[in-house]
Amino acid sequence: MIGPAELANLAAQRRQVLKEEPGTTVLLLGSGAGAVVQKTYRVRGLRQVQSWWRRSRAQREHDSLAAIAAAGVPCLQPLGWSAVPAFFGFRESTLVTRFLVDSTPLKQVLRALPRSSPLRARLATAMGELVGALHRHGFLWCTPMPRNVLVVGDPAGAALAVCDTPACVLFPRSLHGTRRARIDLFLGAFSPSRRTDWSAAERLRWLRGYCGGDRTAARNLWRPMQRRSTLQNELERALAMAAFTYILARFRPTRQRPDPTR
């Protein structure tokens, strides 16, 4: 955990606003290997009432990142979280993570690359591999978009890390290749927005990465993903999050991470 005094010392060294929106402020505090990212989420409108019966966004993201790191999947290192209480739930919550030096959001990297660049196919494969690793460990990401992934170092190395997980759901067994896993596959490669990020050939590479290079398995997934609708996906995503994050999680004992080889 990181305390207020240490955060104040880092802010005295350097305080840079990375993002400022009505509901979110993201700050970079400190410099070099000791720098941290501080995200503050403000609870607005009806979400104030919702926060009465569920964990704050900062806590959910912290716990998900900690579990993902423990599973050995590359991600930001969570350092702590806090919340400001209100009459109903929380007024705001704050997450602190270690700053990943020499990293760039995948969304930004893709925008800078020409459509003809072979590096795009390599990144698509790496993205599929990252989602596949999460699924094998029982994580349904629910937000596997390029904006929530960091490219670490030279993009040619295609080293990716998870950086945003407030909606992540942990299941007691592997999700890889299951029907529920298609929620992430659609959001990561087949939604209308992702079709602007990835060409058809790159989406196939994405699936091959997910399937560990198995071309037949990738082609078998291609057909149902092409037919899948945004409405169907959103309904299944909402049901999975409601059931396993907000309802059943209250009545189930602490879950063990699944064996990814099973």
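Position 1 is the first residue of the sequence; numbering continues from there.
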R147 side chain vs P105 backbone, donor-acceptor pair below 3.5 Å: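 It does not hold such a pair.
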Hey, are the side chains of [X] and [Y] touching, using non-hydrogen atoms and a 4.5 Å cut-off?
{"X": "P146", "Y": "R194", "value": "yes"}
{"X": "W141", "Y": "L187", "value": "no"}
{"X": "E61", "Y": "K39", "value": "yes"}
{"X": "R223", "Y": "Q226", "value": "no"}
{"X": "D164", "Y": "T143", "value": "no"}
{"X": "Y210", "Y": "L221", "value": "yes"}
{"X": "L170", "Y": "F139", "value": "yes"}
{"X": "V37", "Y": "L76", "value": "no"}

Any pair counted as side-chain hydrogen bond (donor to acceptor under 3.5 Å, both in side chains), so long as it reaches residues 98-117, sequence neighbours left out: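 Non-adjacent pairs meeting side-chain hydrogen bond (donor to acceptor under 3.5 Å, both in side chains): K107-D197.
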Distance, nearest 0.5 Å, that separates CZ of F99 from CG of L18: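 So the gap between those two atoms works out to 7.5 Å.
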Nearest heavy-atom pair of [X] and [Y]: which atoms, and what distance?
{"X": "L130", "Y": "A161", "value": "CD2-C, 4.4 Å"}
{"X": "W198", "Y": "R120", "value": "CZ3-O, 3.6 Å"}
{"X": "C75", "Y": "L65", "value": "SG-O, 3.6 Å"}
{"X": "A218", "Y": "R208", "value": "CB-CG, 3.6 Å"}

Pairs touching residues 1-22 that satisfy ring-ring contact (aromatic ring centres under 6.0 Å, His included), sequence neighbours left out: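 ring-ring contact (aromatic ring centres under 6.0 Å, His included) check on residues 1-22 returns no pairs.
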More than 12 heavy atoms of other groups within 6.0 Å of R195 CZ: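 Yes.
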Under 3.5 Å, sequence neighbours excluded: what are the donor-acceptor pairs made by side chains of residues 232-242?
{"residue": "Q232", "atom": "NE2", "partner": "E236", "partner atom": "OE2", "Å": "3.2"}
{"residue": "N233", "atom": "OD1", "partner": "R228", "partner atom": "NE", "Å": "2.5"}
{"residue": "N233", "atom": "OD1", "partner": "R228", "partner atom": "NH2", "Å": "3.3"}
{"residue": "N233", "atom": "ND2", "partner": "I183", "partner atom": "O", "Å": "3.3"}
{"residue": "E236", "atom": "OE1", "partner": "R228", "partner atom": "NH2", "Å": "2.4"}
{"residue": "R237", "atom": "NE", "partner": "C142", "partner atom": "O", "Å": "2.9"}
{"residue": "R237", "atom": "NH2", "partner": "C142", "partner atom": "O", "Å": "3.4"}

Just list the side-chain donor-acceptor pairs under 3.5 Å for residues 25-34, sequence neighbours left out, or say none.
{"residue": "T25", "atom": "OG1", "partner": "E20", "partner atom": "OE1", "Å": "3.4"}
{"residue": "T25", "atom": "OG1", "partner": "E20", "partner atom": "OE2", "Å": "2.7"}
{"residue": "T25", "atom": "OG1", "partner": "R42", "partner atom": "NH1", "Å": "3.1"}
{"residue": "T25", "atom": "OG1", "partner": "R42", "partner atom": "NH2", "Å": "2.9"}

Sequence-distant partners of F190, ring-ring contact (aromatic ring centres under 6.0 Å, His included), two or more places apart: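 Per chain and number, F190 pairs via ring-ring contact (aromatic ring centres under 6.0 Å, His included) with W222.
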Compile the donor-acceptor pairs under 3.5 Å between side chains in residues 78-87 and protein atoms, sequence neighbours left out, one pair per line.
none

